[in-house]
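Below, read A as the first sequence line, B as the second, and so on, with proteins coming before strands; counting in each chain starts at 1.
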Amino acid sequence: MARSSAFIVSLRRIQALLIKEIAVLWNDRKTRILITVPPMIQLVIFAFTATMDIRNVHLAVYNKDHGNHGQELAQRLDGAPIFTRLIFTRNEANLRETMDSGKALCAVVIPQDFSRALHAGTTARVQIILDGRRSNTAQIVSGYLSEIIQTYYSNLSIAKHTSHAAVLKTAVPLVRHWYNVNLIYLWFTLPCLVGIITTMITMVVTALSVAREKEMGTFEQLLVSPLTPAEILTAKALPAFIIGMFEGSVLLAAAVFLFGAPMAGSLALLYASMFVFILSITGVGLFISSLSRTQQQAILGTFIFLAPAILLSGFATPVDNMPDWLQTATLANPIRHFLTIIRGVMLKDIGIADISANLAAMLLISVCTLTIGVWLFKRGLK
Amino acid sequence: MTAKSSPVFVRLAAVSKRFINNGATTTALNAVSITVRPGIVTGLVGPDGAGKTTLLRLIAGLLRPDSGDVAVLGWDMAANPVPAQADLGYMPQRFGLYEDLTVLENMNLYARLHGIPDTEKQDIFDRLLRFTDLERFQKRMAGNLSGGMKQKLGLACTLLRKPRILLLDEPGVGVDPVSRRELWRMVNELVNEHTAVIWSTAYLDEAERCDEVFLLNSGALLFTGKPADLSRRMRGRTFLLKGVPGDRRTVLSEALKQPAILDATMQGSAIRLVLRANETMPLFLQTGQLADCPDAAQMQAPKQAIRGTPDAGIGTDHAENLTHAALSSLPDAAAHASCAEKVRLVSVAPRFEDAFLDILGGAPHGESSLSRFFAPVAGGEHAYSVEARQLSKKYGSFYAAKDITFSVRRGEVFGLLGPNGAGKTTTFKMLCGLSKPSRGQARVSGLDLAAASSKARGRIGYMAQKFSLYGGISVLRNLHFFAQAYGLYGKKREEAVAHMLELFELAPFAAQAAETLPLGYRQRLSLACALMHSPDVLFLDEPTSGVDPVARREFWMHINALVQKGVTVLVTTHFMDEAEFCDRIAFIFHGQVAALGTPDELKNTVAGPDLPEPTMEDAFVALIKNADMQEETRHCAQTR
């Protein structure tokens, strides 16, 4: 009986601190604005800037072929919407200069015997030159180029087939992008942004909560009260957690209803994952909060964590492109797991079986970060 | 030295300055006119929020007045502050020292900022380091200096350019009395016919050291002139009641109920009384007897009543004779010998603070509302409320506190005194559970703070020096939070909160954000939050520094009422006034209890033929010197 009443007393103390925390956050106009306005602006701006849709590409063409096919291919390329400008070069030096100066991102060199080879039915090789300094974009453009050239070949073959009844030697791959049928890059970015912006806000709120009190001198007032360190931590983590969930929901709604992102999978599954995810982020926030004495330090600590965590999350660059050891390291990054889940659920109605590994990893991370957070907090109280 | 003939360095004519914060306008200065001349130390005196810093910043040309003119060395500061600023040295409250740079590096930095040529630099440094006595500490990080040394370094950096006008914003804050005396000595040396010094302070005893003072209160200039001129108004109205029989706290609170009494404060075992103008000293304060003394009711007023008349040539000595005459003229004084034997009402010199209080209308009257509402603290089986048993705190190989042992009885006011960095705060923190002792035990109400921390902390009320409630949320929310954090819930909580709102007259502000409260009310709120759960022990960390004298009286009146209810009070302080209020004081130096006793005992240890009536500050300074001497002898003995 005594045990349960002690528990109730403890709960009441947590409740008191919790109400106070929320009142402090809500009464402060700056905080109120901080957790509402910037996330929406970020979502809008990032959604349009972090796009990897390739538009406005300048292409250099060096057509050595005097036949009709060379001309026609060039026209095809000109007709492709991603190439806003075609720069025709007359010689090697001219081509080199165009690429060097960055006037064009890529170049297509049509060999002298191009038309002849096509007429003869032998292989005709077109050379594609890409600017390696902008490898990501170039890689995507190279895909487009190959596709256009392939299509040209195959159209030709089909035309031949009807007239000459020749058999097509190789099957032309017909590429179809699943899950994001029209390859709208926004659909890929939006779920990621929901995850990342939620992370930022949750972390800042948690990291600042203890640091603010330390700076204002109210922390000692808390420490001399009967509140135990565990109670203080619980009450500090909860508001941040609630704000994180709220933030995630608002951003999700904006992504779906404002930007028209799909919501293919189970909302319940997504929320369950978000719950675990925000828990782990709160742990990291508390961890930073315990280590910092001022709000400035807390913000700095947040960014020291956020920058690499976002880079290693698979948002900007695919995790699969990273070296093996780094891929292993990303397993400890909760953002990585959550992005996998949110993309999966929103775009392809992924089931619990497919994300159970990610979910389990996040759960493990939460337990670790929260434990370390509590431990550091207690240790810092000497 | 009379300065009337010397040129005017600073002239403010009807200067007003208002600040708008969150829509609320506060008047920082209201039509203030002053003139500052060289050759003297000019004091800018007033409690926090009086407008001192605003005034200094106006003189320094960092602010523009809303109306009125500021002229410094003949330059109009609103039009063009630059030429005058070249001759100004301004030391803000927290001088911008770089904590991670050494003393010398800080000075080098400021020398470069001020464009002092390298050829002259060395001479200036040598002179200033000698002057500030920082030669030995040149290589020390500024962050590792004591409060006093930091101020000295700040002063040295301000003096690099030999300013003609030196503006010092509260240089005495956070500085122990010894360093404070040194700072005064330095500033007095600086003053000459080419240099004007303005020293701002909230300590009213510092005002007495100035040659001329401007007394500010809530933006209004209350007095201009020599501090003695102000104090003189109070002559013949200040007394010391010595040898008070019985409980002096009861006598004190009774005294404060008397309309004739302007002010009553504890001074060790004595009570210092200030009479209102043209009032008669209440009889019981002449005999030190309360109504419970036999025949007290029958006592008649002495033929020669003690009146608080503005003196007409009557010196203090005379006044004392008058007192004795009055006492001996009591009808049956001899019959009351048993009660009144040692009671003596002695006339004492008036203080600057008495006069300030007179202008403000005197100490708050009546009794603390707490004495009616606050339930007496249950006796309990523990004789001692706070116990320190060999308390030690070790950082690396350095003991911040070593083997500190003392016990505080229930209902006792116990003071921790000592210079900065000597272990006072460390001890205080270990006793209220903010810091874990490396060795030893801290006990509150018989509970070990290490073993039953949450429970023990529940018996403590804590009030920090800085306002440390939640400024952004309402008064009511603050009260609710602290009530519930201390285990009050539901109806009990509502009762306690309602109580506090009524007791401290906070009800009109209940919905207001705590940070928008006036200073005095913030302090009330802090005390309310610390008291809601009826603590056994109240921990106070420099509770009234910077607070105006009326609010300070009010605060101690509340504390007095609490102590009479059996609450134990532990206080750390730099204020000699607060020290005088204590029943016993532990003087902590070099991490150890260097002396322990009643204020009178401590004062008596330093009394001598040349210092018959030492003040608490004298005792403080002497104790430090003694302890240092002992340290040196021990050090010498060790090296031999």
Heavy-atom cut-off 4.5 Å, strictly under: side chain, backbone, both or neither for [X] against chain A?
| X | answer |
| --- | --- |
| Lys455(B) | neither |
| Tyr489(B) | side chain |
| Phe482(B) | side chain |

When you measure from the side chain of [X] to the backbone N and O of [Y], does any donor-acceptor pair fall under 3.5 Å?
| X | Y | result |
| --- | --- | --- |
| Thr218(A) | Tyr470(B) | no |
| Arg477(B) | Lys20(A) | no |
| Arg457(B) | Ser225(A) | yes |
| Gln221(A) | Tyr462(B) | yes |

Quick check: closest heavy atoms across [X] and [Y], and the distance to 0.1 Å?
| X | Y | answer |
| --- | --- | --- |
| Gly217(A) | Ser468(B) | O-CB, 3.3 Å |
| Phe481(B) | Leu227(A) | CZ-CD1, 4.2 Å |
| Ala16(A) | Ala485(B) | CB-N, 4.1 Å |

Subject >> Choice from Thr228(A), Leu17(A), Ile19(A) maximising heavy atom contacts with chain B below 4.5 Å >> reply: Leu17(A)

Subject >> Segment of Glu213(A) engaging chain B (4.5 angstrom heavy-atom cut-off) >> reply: side chain

Original post:
Under a 4.5 Å heavy-atom cut-off, does chain B meet the side chain of Ile14(A), its backbone, both or neither?
Top reply: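 Neither; nothing under 4.5 Å.
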
Does atom [atom1] of [X] have more than 12 heavy-atom neighbours from other groups under 6.0 Å away?
| X | atom1 | value |
| --- | --- | --- |
| Gln296(A) | CD | no |
| Lys429(B) | NZ | no |
| Phe246(A) | CZ | no |
| Tyr384(B) | OH | no |
| Phe287(A) | CZ | no |
| Arg293(A) | CZ | no |
| Tyr98(B) | OH | no |

Original post:
Taking the side chain as C-beta and beyond, is there a heavy-atom pair between Gln484(B) and Arg13(A) under 4.5 Å?
Top reply: no

**OP:** Compare all side-chain heavy atoms of Phe219(A) with those of Leu434(B) and state whether any distance is below 4.5 angstrom.
**Re:** no

Original post:
Say you draw a straight line from CD of Glu515(B) to CE of Met216(A); how long is it, rounded to the nearest 0.5 Å?
Top reply: 7.0 Å

**OP:** May I have all residue pairs that pass ring-ring contact (aromatic ring centres under 6.0 Å, His included) and include part of residues 429-458 of chain B, sequence neighbours excluded?
**Re:** none

